[in-house]
> 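Below is a structure I'd like to ask you about.
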Amino acid sequence: MSPTRMRLHISGIVQGIGFRPYVYRLARAFGLTGFVLNNTRGVEIEVEGGKPAVDAFAAELQAKAPPLARIVGIRQESIPARGETDFAIVKSQHDTDKATLISPDISICDDCRNELFDPADRRYRYPFINCTNCGPRYTIIKDLPYDRPLTTMSVFDMCAECRSEYENPADRRFHAQPTACPRCGPQLSLLDENGAPVDTSAPVTALVQRLQAGQIAAIKGIGGYHLAVDAENEDAVKRLRRRKMREAKALAIMIVSVEQARRFCNIDKTEQEVLESPQRPIVLLRKKASPSTLAESVAPGNPWLGVMLPYTPLHYLVLEKSLNALVMTSANLTDEPIAYQNAEAQTRLRNIADCYLTHDRDIYLRADDSVLRVIEQTPNMLRRSRGFVPIPVFLKRKLPPILAVGAELKSAICLSKGNRAFVSQHIGDLKNKETFDYFEQTVGHLSAMLDITPECIAHDLHPDYLSTFYAQQQNVRLCGVQHHHAHAVSCMAEHGIEHTVIAVCYDGTGYGADGAVWGGEVLLADYRKFTRAAHLQYVRLPGGNSAVKEPARMAMSFLHEIYRGDLAACPASLVKQYSAEQMAVLQKMLQSGINAPFTSSCGRLFDAVAALLNVRHQVAYEGQAAIELELLAHAAPPCSATYPAPIEACAEGNIIATPVLLRSIVEDIAAGTPREVIAAQFHNSVADFTAEVCQSTGRSHGINEVVLSGGVFQNFYLLTKTVGLLRARGFKVYYHTIVPPNDGGIALGQLMISQARLGGEEN
Ligand code: ZN
Ligand code: ZN
Ligand code: FE
């Protein structure tokens with residue numbers, strides 16, 4: 001019988017994860033000849049042999065693929081036999097269509113970890129051990145196809161032994177691009193606070209001693225530097241906070257294993273899986289009630305603790321013994337992007353780090369640690385970066401090439417290619433010059449790697465956002481998208497919803513269609529358009545941006561709304577903190593509206609309540625007061641009481657009378673109700689009026705699906721309460737899991753909306 005030959009095109013994440021050696025072994029096991037190669041569309045295979053063997057090969061190919069492979073499509077065709085005598089792995093082809101999916105950075109695998117601690121292994125204790133199943137990827141790739149010369153590993157010449165492994169299809173390191181050993185690969189060095197090398201033959205041991213002595217170390221990782229201190233040393237953690245100018249925001253810790261982490265947190269089965277997953281994100285876990293050895297200032301007053309397991313061989317060496325938990329926080333000053341280059345790190349961290357554990361493998365592109373939380377057995381993304389980028393969001397429809405540039409504060413961009421949306425890593429606040437450069441670098445890099453020339457750029461309507469400015473500088477068709485519409489559609493796209501839904505979009509700031517500052521919006525939305533079904537009552541934002549930094553101003557704005565000219569009658573202690581002069585200025589601003597635009601922001605409502613409860617009058621970062629108000633609510637005994645917030649029908653949709661709610665809170669404070677009870681009751685009230693508004697909107701439009709989006713829904717107390725109340729009213733509720741609910745997810749919505757508006761589908 002004549003042999004059968006079949007060609008298979010595999011697309012998905014199939015490069016740099018041991019797919020070709022896997023194909024090689026599988027083909028040989030079935031006694032087939034032919035070849036496998038990487039091209040920029042994915043992997044191409046030709047196999048030849050008896051028909052049953054070829055069929056069996058094709059059937060098994062997907063079922064037994066390596067764990068990190070993500071096969072999106074297999075196309076197969078019969079072709080004439082050629083009669084080779086062997087099966088071969090052929091050199092990469094340079095091709096023009098670079099639709100291949102690039103693998104994200106992956107934590108060290110079990111095999112490599114075993115070798116790391118095996119005294120007989122030639123890579124024993126080598127901090128850069130990796131194989132085709134693990135190691136850095138996205139952050140070291142300069143261009144496609146994924147091959148060593150196009151990575152930052154190109155400067156290291158493989159030794160004979162590494163090369164023979166690299167060229168042996170039966171080896172776990174066959175074509176592992178970052179492969180290295182102590183003889184030929186990157187080297188570690190310990191530097192003192194001035195950047196001078198410390199004379200030591202054991203840099204890790206010397207570093208651990210310094211950490212034990214309370215020093216702050218900058219440690220170079222996968223996507224950038226971390227600042228590390230012993231998490232059980234209160235003084236050291238406090239010093240880190242002081243030097244980093246990070247007053248209260250919780251710090252993440254790294255612990256060697258889930259078993260060790262259980263000393264500090266409760267961890268369920270899903271949380272354990274996520275902690276141990278190859279992506280190794282920071283997972284927000286519930287702290288144990290019992291006192292722990294952890295320094296209180298790691299996450300003060302916080303029921304949650306951000307925990308991650310080691311993900312590089314170096315992390316395992318540092319945490320091998322002596323240290324139970326390390327604070328590992330992105331090496332930057334507030335608002336700046338993470339430091340990632342050696343010289344840059346030593347300049348920027350000069351006044352923070354006491355020493356540097358660094359190495360000579362360059363990071364090409366930054367990536368922070370990803371952060372998520374498990375809700376209802378599902379991981380929910382809060383910051384999407386290392387380990388997840390550049391895995392795309394798979395869409396229901398095919399899009400032409402579009403670039404969406406996101407918003408401004410928690411910037412992330414998104415590019416479309418066919419039915420895939422590539423959301424970039426978290427970039428940060430664009431108002432910072434370095435962050436804006438990083439934004440431009442990411443746009444350039446991601447479009448080059450994916451070979452996308454956008455036909456259209458989708459941007460926020462805010463005229464002052466630097467992302468809008470960037471879009472306007474490009475010579476490409478533009479599509480301006482309303483901020484909260486983008487939030488809504490981002491959540492819809494994640495869940496593949498294309499029909500009209502009710503979208504509750506609660507956040508801090510978004511440019512409204514009427515020029516006001518929106519942020520407490522209930523929309524009826526599809527991909528093309530939206531109408532405003534309801535919103536929080538407009539109040540003044542006194543001083544514009546300074547009201548964001550000073551929640552007390554927001555509280556005064558609400559009080560002005562309630563008490564008008566008679567603010568002296570207000571029993572809130574906050575009022576007494578203002579001098580007569582200050583009060584006069586503020587009241588003038590509130591009455592005239594000069595430099596005090598209207599806002600419906602839900603974030604600002606939280607700010608106002610936080611200020612009234614004296615949680616915080618000024619913030620170091622946006623959302624701080626709201627976060628602390630949530631912590632207070634968690635401290636209350638379970639309660640479901642609410643404050644009334646009347647919903648008033650009006651020509652432009654329902655208006656939720658939040659000042660009425662605030663008045664009850666002021667009265668409750670005066671009556672001496674404990675702060676945490678008020679905080680909990682306030683959260684309940686927001687969930688309650690939200691459910692009420694959805695119910696009336698749903699009834700009049702015959703809709704029973706609600707999506708929840710916007711940064712306010714990072715609030716776990718509010719999210720779970722709202723979901724519960726909506727379900728009790730018979731709604732099907734969707735919230736974010738793949739992209740963050742905050743502005744980090746907004747580019748995905750911009751992308752879908754611009755496609756729906758401008759039309760154009762691609763095959
Ligand atoms: Zn490995
Ligand atoms: Zn070597
Ligand atoms: Fe937003």
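Remember, it's 1-based here, ligands and their atoms both numbered in the order they're listed. Just the heavy atoms: all of them, side chains too, but no hydrogens, waters or symmetry mates, feed the values below. Source: prediction; values computed, not measured.
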> Which atom name would you report as the N, O or S atom of Asp507 nearest the Fe ion (ligand 3)?
OD2

> Please work out the angle at the Zn ion (ligand 2) defined by atom SG of Cys159 on one side and atom SG of Cys162 on the other, rounded to 10°.
110°

> To the nearest 10 degrees, could you say what angle the Zn ion (ligand 1) makes with SG of Cys131 and SG of Cys109?
100°

> Do Asp514 and Tyr538 get their side chains close enough for a donor-acceptor pair, meaning under 3.5 Å?
yes

> What is the SG(Cys184)-the Zn ion (ligand 2)-SG(Cys181) angle, to the nearest 10 degrees?
110°

> Cationic tip of Arg113 within the cone over Tyr316's six-membered ring, i.e. under 6.0 Å and within 45° of the normal?
yes

> For Phe469, I'd like to know if atom CZ has over 12 heavy atoms of other residues, nucleotides or ligands within 6.0 Å.
no

> Taking both backbone and side chain into account, is any N, O or S atom of His487 nearer than 2.8 Å to the Fe ion (ligand 3)?
yes

> Rounded to 10 degrees, what angle sits at the Fe ion (ligand 3) between Asp743 OD1 and His483 NE2?
90°

> Under the side chain to side chain donor-acceptor pair (under 3.5 Å) test against Tyr506, which residue among Thr722, Asn715, Thr690 passes?
Thr690

> Go through the side-chain N and O atoms of His483 and Asp460 and say whether any donor and acceptor fall under 3.5 Å apart.
yes

